[in-house]
Structures are given as structure tokens and as C-alpha cells.
Visitor: 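Starting off with a structure, shown below.
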2 protein chains.
Amino acid sequence: MTALRAFEAAARLGGFAAAATELGVTPGAVTAHVKALEDRLGAALFERTAKGVRLTALGARVLPDFTAAFDALGLAVHHLRAEAAPQVVHIATLPAIAQLWLSPRLPGLRAQMPEVAISITAMEAPPNLKRAPYDLSLFYGDHGQQVARDHIFPVCAPALAARITTAEDLHHLPCLIDSAWSRDWASWAAVALPGQDFTPRGPVFSLYALAVEEAANGAGVLMAHGALVAGHLARGTLMAPLPQRVALPQALRLWSARPLRPGQPAERVARALQAGTGDQIP
Amino acid sequence: MTALRAFEAAARLGGFAAAATELGVTPGAVTAHVKALEDRLGAALFERTAKGVRLTALGARVLPDFTAAFDALGLAVHHLRAEAAPQVVHIATLPAIAQLWLSPRLPGLRAQMPEVAISITAMEAPPNLKRAPYDLSLFYGDHGQQVARDHIFPVCAPALAARITTAEDLHHLPCLIDSAWSRDWASWAAVALPGQDFTPRGPVFSLYALAVEEAANGAGVLMAHGALVAGHLARGTLMAPLPQRVALPQALRLWSARPLRPGQPAERVARALQAGTGDQIP
DNA sequence: CGGCATGGCTTAATTTTTCTGACCCTAGGT
DNA sequence: ACCTAGGGTCAGAAAAATTAAGCCATGCCG
């Protein structure tokens, strides 16, 4: 049973490592499961090459059946959870979005629909909504309904901002770097400092929200996502000393596994988030 | 995942013990899984009563989704096994039938279709063919194609048979009893010894084939299933000293999960078994 | 009406299975 | 020639199943 899940995930995602991530186990476990399955069948499901695995003809023939079956199972789990707690809306999103964009909007949502509970699960990558039982998924991406068109630009504490007048000033200041969005600095520099070789120097953070706090504490200049620092900018705890803003290639988008029926809690939450409820941060 | 299987089986079969049997685990494991599932949901799926469990409204609402999904998964496994080993036919049957009815026919089948391998799995109860990957199921029952109309009657070794002339003689002879078919003696006595209180006395066997061997060794009189002792009767190692034969309420029947396509190995084996191939036991 | 057996679920301690984490190995890309 | 990405392998740790007892209503029988 677990072996079947491992096979299906590995076949669909094209690798044992990716399957292990989706299943929340280590690649070694996937290896063992697939091998056990192949042993019991007496036939190979994957061809092992040095740079990964490739499905055999047999594996490709039976994959659609398994994918369909596990999709049906995922849907059943979703249905079960929805029936068991009809007034709970489960949202999956990035940790940074959860803390910096969603969290400030929650009081407004609660006031607007007090009977609905909102459960937020932070994760690094968008979940497969056919499998994981979330009602809404909020990520930078290409699918779904656009919630915000986001821009990046440098921000820092007011005291530091006073020392910045041109983009060139950044060469000599500590630049806070988020490990997941490390390319943001390069994207912005390509527009604001064309032709120059800009290499940001400064501490690296694995939590974007922590980098934002450090920027507010005056630790350096952060390449901000506009949507995620709106609160700090409004409060004046962060400032944007330079005018150059670069649009992110992917907008902040919200999507759901299935079409939402109007009036359903998940649909009401989705509508409220798209309408910008609570955008006026205190 | 395993918890979902446990819930589905328990809900469909109406009890944790039955679910444990189908899943091949102990009732304790099913209890633990269902409880874990209910804890995570924050809602009860079963009502516990002193004489078993009953589905809650929530459980009943979501059961069909899970049953359908697991059926699809079972079918996918069947498909996978069929694709991986197309020339292997998997048969599920009772241990007694496997040894006493099927086994003597295998040489004939092998001669008739040498390229087909036949795999026999013995089990006490018919499997759920939507879940367990067997091609054919051969049991006493009401479903499927009739293979043999079976009768029960006393048999014993020739030396003992010489001492039996009427049914009443059995009162004073050891009667071999199969634990799974212990009611056979009563069924036969109701016809052969009407109005008399016949209680068979003698050793109890959990393996019918062993009881047959013991009968051939002269250990006593066995209530035989005609189809299962045909070989011994033909060889003369067992004799039927009394003329009374009682038809079993259920015939020996063969069935498959899905309709068999002509020419398919499973279909050819099914046809051969129904045609009585190899009935002439050496 | 009470004692006792019964069927079915639960619980706790033990054993078996599975997963992890750190390593190795191979082949392609730089 | 090195580095990286992806699988494979192994001993030890975590999780699951088993075993065996316990519980609690029901039903049967004296």
C-alpha cells in the first residue's frame, strides 16, 4: 500500500527524491518501497540511470490507473475533512506570506465572518491540491486568481534610509538576503544598476519574516516584496529610499482544487482576500 | 493512509474485527487506526456500543467515496499484476479444494496450456475480488459459474467399510470431524437417520485434507464431500459403504472480479475447470 | 433473577517492521 | 579533474503491529 503510493509519486514526479518530498519521507524509504514492489511483481517499474530513473513500459502502462485512484482517495479525504469541520477553511501558503500578508488580514476576516475558522499551514512549495486536503493555496505562481501584482525594491530602517540617495550607495551597505529569494537582488540590480556587477553582501536568512524584522532593526537593506512589507511601510518602521521598483515575474495568486460554490466558507474567504479586505494595515 | 483503509473496511463490513480479518491485521490495530483518524478529524466516525460499532451520520456520508477510491486502487493493483505477469493465473480457494480438487487437475491443465502458470492461494473465506488481486475464486457459494454440484456421504477405509451396512452402525464408530464443516454430520444424519439424535464422536481436524488421509488410514468414518474424495474413491483407498447422499446447499462455484475475455489465460483456465478437464483421476 | 459464557472493542507491553541519517557510487556538466 | 545531482546501502532509531489480558454490555440457562 505504502509501496504503491511511493511508485505512483515517483512515476508521476519523475524521480525518487521528488516523490520522497511529496510523501514526507526520505529518498531511502522510496527506494526501498519501489524495490519491494518490483521484487513482488518480478518485473521492473523503473530503469535506473545515473541521473535519475525513467519509467519502464510496464510502469507507464499502469501509472494512469494509480494516479486516478489516489486522486479519488485524496478527494475523499478532502470531502471527509470538509464534512467533519464545515466551518474551517484550510489555507496553504509560504511562511513569509502567512506571517506578513495573511496574518494582518485575519482580524478583518474574523470580523467579517466570525463563524468561520481559518487554518493556515505554511510550506515551502505549493501542495498538490488533489492530494493534500487544503481548500485554498496562496503562492507566487501562474495558476489561479491573481490577488496582488507584486514588486521588489530595497527597504531599510529610517535611520539607514537617510544615508541612501542612489542605487550605487548599496554597494557599501549590508544587504539582507533571503535564501529562498536570493535572486531578487540580481533581478532588481539588473534594472537599477544596469551594466554594473552588483553582488549583495550581508547576512543570509532562511525566514523572510526574520529578514524583515532585522531590516526594521537597522541591520541592513532588504530586497522587499511590496505586498509583504506594506504594514511596515505604513507604520514607518521601514522606508523605501530608492524609486526603482521591479515587477516580479509571478503574481501572488490564490487557487483551489475544485471550483468553489458561492456562499461556501472557502469561497467567502477567497472572495474577501481578493477584494483586499483589511488592506488598510494599522 | 492505513487509517483510511481501516476506516473503510470497518465501515463497509460493519465491525472492527471483520475489518481486521480483511486487512490481515489484528483488531487492536484497527482500533488504533480508527481512533487516530477520529482524533485528527476532531469528530467521531463510529458510535461504540457494547455489541459492536455503528457508523455515525458523518461516517456514512463519506464511506461511498472511500469505497470507490479503494476499489479503483484494488483494480489498479490487479491490472498491474496482470501486466507484469500476463501468463500467470491466480486462483483463490479453500485449502481443502486446493489440495483435493484443484491439485489433481493441475497436471491436465499444464499439459493443455503449458505456457500458463497457475498460482493457487489457499484461504478460509472468499476474498473480496475488488481488492485482492486474484483472477479466479473457487468456493462453495452462491455467486459465479457452477463447477460441481456437491454431495456429502460417509466414507472410510475398505476394512472399516466391511463393518458398516446401515446408517445406525455409525453410532458406534469413530466419526472424523472437520472443524470448519462440523455441521455436515448433522445435515446428513437429518436425512439418513431421521428422528434420531445423532452426535458424531471422534477426532476433530482443522485441515480437511488431513481428515481424508486419516480416513484412508482407517481412523474412522469421514463425512465426505463427493468432489473432494473422488480420487480416493476411484483408487479404492476410500469407500462409501452407505447409499444415502445429501446435496450440499451450495455448489462449488468459480467466479472472477470482471468478465473474462475469451482467449485470456484466466478465461482458458476457467473454461477448462468447468469442462471437467482432468476429472479422470489416476 | 443471578451467574456465567460470549462477542466485540480496548489497552498495555513486547516484538517486528519501517524510516532515518550518514555514507557510497555513478554519470554528466563545468 | 572536480563538482553536482540523483540513487543505493547500511546500522541504529522511531513507529507500527502483535500478543495477551481486560472490560462491558448482551443473552442464555438453571
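Order of the sequence lines fixes the chain letters, A, B, ..., with proteins taken first and strands second; residue numbering starts at 1 for each chain.
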Visitor: Counting side-chain heavy atoms from C-beta on, which of D:dG8, D:dT18, C:dC9 comes nearest to B:Phe16?
Guide: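 My answer, after comparing the listed nucleotides, is C:dC9.
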Visitor: Counting the atoms with a prime plus P, OP1 and OP2 as sugar-phosphate, which does B:Val53 contact under 4.0 Å by heavy atoms, base, sugar-phosphate, or nothing?
Guide: sugar-phosphate
Visitor: Indicate whether OP1 or OP2 belonging to C:dG21 is found under 4.0 Å from a side-chain N or O atom of A:Thr26.
Guide: no
Visitor: Whole angstrom is fine here: how far is it from CZ in A:Arg48 over to C1' in D:dT9?
Guide: 13 Å
Visitor: CZ of A:Arg5 versus P of C:dT18: gap in Å, rounded?
Guide: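 From A:Arg5 CZ to C:dT18 P: 15 Å.
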Visitor: From C-beta outward on A:Lys35, which listed nucleotide comes closest to its side chain: D:dG7, D:dT9, C:dT20?
Guide: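 It is D:dT9.
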Visitor: Are any of the side-chain heavy atoms of A:Leu102 and A:Ile118 separated by less than 4.5 Å?
Guide: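 No, too far: nothing below the 4.5 Å cut-off.
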Visitor: Report the relative orientation of the aromatic rings in B:Trp185 and B:Phe198; use parallel for angles under 30°, tilted for 30 to 60°, perpendicular for over 60°.
Guide: tilted
Visitor: For the pair made of CZ in B:Arg54 and P in C:dC9, what is the distance, rounded to whole Å?
Guide: 13 Å
Visitor: Has B:Thr93 got a side-chain atom pairing as donor or acceptor with B:Ala122's backbone, closer than 3.5 angstrom?
Guide: no
Visitor: Taking the nucleotide of DNA chain D with the nearest heavy atom to each, does A:Gly28 or A:Gly52 sit closer to the 5' end?
Guide: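 Result of the comparison: A:Gly52.
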Visitor: Counting side-chain heavy atoms from CB outward, which of D:dA17, C:dT10, C:dC19 is closest to B:Pro27?
Guide: C:dT10
Visitor: Report yes if some heavy atom in the side chain of A:Glu168 is under 4.5 Å from a heavy atom in the side chain of A:Gln196; otherwise report no.
Guide: yes
Visitor: Let me know the distance between CD of B:Glu47 and C1' of C:dC9, rounded to the nearest Å.
Guide: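 So the two atoms are 15 Å apart, to the nearest Å.
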Visitor: Rounding to an integer number of Å, can you tell me how far B:Leu45 CG sits from C:dC9 P?
Guide: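 Rounding to the nearest Å, CG of B:Leu45 and P of C:dC9 are 15 Å apart.
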Visitor: With heavy atoms under 4.0 Å as the rule, sort B:Ala17 into base, sugar-phosphate or nothing.
Guide: sugar-phosphate
Visitor: Hey, is B:Glu38 close enough to B:Arg48 for a salt bridge, meaning N to O under 4.0 Å?
Guide: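 Result for this pair is yes, salt bridge flagged.
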Visitor: Just checking A:Gly24: base, sugar-phosphate only, or nothing, at a heavy-atom cut-off of under 4.0 Å?
Guide: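 Here A:Gly24 touches the backbone only, sparing every base.
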Visitor: The side chain of A:Thr31 is closest to which nucleotide in this list: D:dT9, C:dT10, D:dT18?
Guide: D:dT9
Visitor: Within this structure, what is the NE2-to-P distance between A:His33 and C:dC19, rounded to whole angstrom?
Guide: 4 Å
Visitor: Whole-Å distance between C:dC19 P and B:Met1 CE?
Guide: 12 Å
